[in-house]
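Please read the structure below before turning to the comments.
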Amino acid sequence: MDRRTLFKGLLALTVVGQAEAAEPAAEPGADPAPLDHELEKYPRCVVCNMDRRRFHYARHLTHYADDHVDGTCSLECTAEMMLRERRRSFKAIYGPDFGADGEPKPLVDVAAATYLLGSRLPGTMTRRSKYVFADPVAAQRVRQEQGGELATFDEALAASMAEKAEQLGRRYRNDQERLRRKKDGAAS
């Protein structure tokens with residue numbers, strides 16, 4: 001091979017490499033369409049490993065700006081995961097429309113949703129239930145039957161964080177008491 005042919009080949013490779021470099025590479029594991037077959041793609045909660053298919057009526061899905069996606073079983077695990085990933089940019093968070101017929105419940109953007117907090121419906125990963133509704137009228141109808149209060153996503157997230165803070169405080173106090181008893185027992 002002569003030098004001219006070799007030079008043309010290298011030049012062509014350089015131009016192709018620059019064109020590829022100009023396009024941002026997709027994040028490994030990125031999912032630009034997270035709602036498509038989401039229960040098959042994200043079957044387990046990234047926080048507690050619960051089966052999201054079983055808890056389809058409480059699951060959430062977080063979509064980040066880099067197209068990474070985290071599936072969780074509940075708003076409680078979503079709150080914990082959001083705290084862990086707070087430095088990332090959130091593109092959207094989706095929750096299941098409890099007012100929709102059928103199973104699994106379809107996901108809706110929580111920014112426009114209404115939450116029903118503290119109803120007689122069972123909670124997932126919490127004593128205080130939190131259900132998502134795309135239609136505020138449906139949420140009000142369930143509220144009349146099951147009790148509770150209507151809230152925005154921000155208010156539901158704040159309630160989850162407050163519960164988590166209570167749990168952690170209780171655990172800390174219990175751990176301190178256990179250590180104190182262990183120490184007192186060893187001193188005897």
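The shown structure was predicted, so the numbers you read here are calculated from the model rather than taken from an experiment.
By the 4.5 Å heavy-atom criterion applied to side chains, K130 and E163 are counted as neighbours. A 4.5 Å side-chain heavy-atom check between I93 and L61 finds every atom pair outside the cut-off. The closest side-chain heavy-atom distance from L75 to F153 is below 4.5 Å. Side-chain contact between C73 and M125: present, with at least one pair of heavy atoms (C-beta onward) separated by less than 4.5 Å. In this structure, T62 and H68 have side chains that are not in contact, with every pair of non-hydrogen atoms separated by 4.5 Å or more.
With sequence neighbours excluded, the residues that form a side-chain hydrogen bond (donor to acceptor under 3.5 Å, both in side chains) with S119 are S129. By the salt bridge (Lys or Arg N to Asp or Glu O under 4.0 Å) test, R181 is found to be paired with E177, residues two or more places apart in sequence or in another chain being considered. Under the side-chain hydrogen bond (donor to acceptor under 3.5 Å, both in side chains) criterion, N49 pairs with R44, not counting sequence neighbours. Partners of D101 under the side-chain contact (heavy atoms from CB on, under 4.5 Å) rule, at least two apart in sequence or in another chain, do not exist in this structure. Residues passing the salt bridge (Lys or Arg N to Asp or Glu O under 4.0 Å) test with R87, sequence neighbours excluded: none. Listed by chain and number, the residues in a side-chain contact (heavy atoms from CB on, under 4.5 Å) with E80 are V47, R84, K164 (sequence neighbours excluded). Judged as a salt bridge (Lys or Arg N to Asp or Glu O under 4.0 Å), and not counting sequence neighbours, the contacts of R53 are D51. In this view, D36 and A33, K41 satisfy the side-chain contact (heavy atoms from CB on, under 4.5 Å) rule, not counting sequence neighbours. Annotation: salt bridge (Lys or Arg N to Asp or Glu O under 4.0 Å) contacts of E38 (sequence neighbours excluded): R52, R59.
For the residue pair T72 and C45, the shortest heavy atom distance occurs at CA-SG, 3.6 Å. The two residues E155 and A151 come nearest to each other via the heavy atoms OE1-CA, 3.1 Å. Closest of all the heavy-atom pairs between T124 and S74 is O-CB, 3.6 Å.
Sorted by first then second residue, the ring-ring contact (aromatic ring centres under 6.0 Å, His included) pairs that include residues 126-151, not counting sequence neighbours, are F98-Y131, F98-F133.
Y42 and D70 share no donor-acceptor pair across their side chains, judged by distance under 3.5 Å alone.
Taking a 6.0 Å sphere around CZ of R171, one finds it holds 12 or fewer heavy atoms contributed by other residues, nucleotides or ligands.
By the rule that hydrophobic residues join a cluster once side-chain heavy atoms approach within less than 4.5 Å of another member, F90 and Y94 end up as members of separate clusters. L150 and L121 fall within a single hydrophobic cluster, where Ile, Leu, Val, Met, Phe, Trp and Tyr side chains are chained together by heavy-atom contacts under 4.5 Å. Residues L39 and V69 are members of separate hydrophobic clusters, defined by side-chain heavy-atom contacts under 4.5 angstrom among Ile, Leu, Val, Met, Phe, Trp and Tyr.
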Just list the side-chain donor-acceptor pairs under 3.5 Å for residues 102-117, sequence neighbours left out, or say none.
{"unit_1": "K105", "atom_1": "NZ", "unit_2": "A100", "atom_2": "O", "d": "2.5"}
{"unit_1": "D109", "atom_1": "OD1", "unit_2": "A111", "atom_2": "N", "d": "3.0"}
{"unit_1": "Y115", "atom_1": "OH", "unit_2": "H60", "atom_2": "NE2", "d": "2.9"}

List the atom pairs, with distances to 0.1 Å, where a side-chain N or O of residues 136-149 and a protein N or O form a donor-acceptor pair under 3.5 Å, not counting sequence neighbours.
{"unit_1": "R143", "atom_1": "NE", "unit_2": "G148", "atom_2": "O", "d": "3.0"}
{"unit_1": "E149", "atom_1": "OE2", "unit_2": "R128", "atom_2": "NH2", "d": "2.9"}

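Counting only distance, with no hydrogens or angles, the side chain of R86 and the backbone of L83 share a donor-acceptor pair below 3.5 Å.
A distance of 10.5 Å separates OG of S160 from CE of M82, quoted to the nearest 0.5 Å. Here CZ of R170 is found 12.0 Å from CG of D175. Values are rounded to the nearest 0.5 Å. Between the CG atom of D97 and the CG atom of D135 there is a distance of 8.0 Å, given to the nearest 0.5 Å. In this structure, the separation between CD on E76 and CD on Q167 is 8.0 Å, given to the nearest 0.5 Å. To the nearest 0.5 Å, atoms CZ (R127) and CD (E166) are separated by 9.5 Å.
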(request) Kindly indicate, with the supporting measurements, whether the criterion side-chain contact (heavy atoms from CB on, under 4.5 Å) is fulfilled by Y64 and K91. (result) CA-CA 5 Å; Y64 300 97; K91 188 182 247 183; 5.7 Å; no
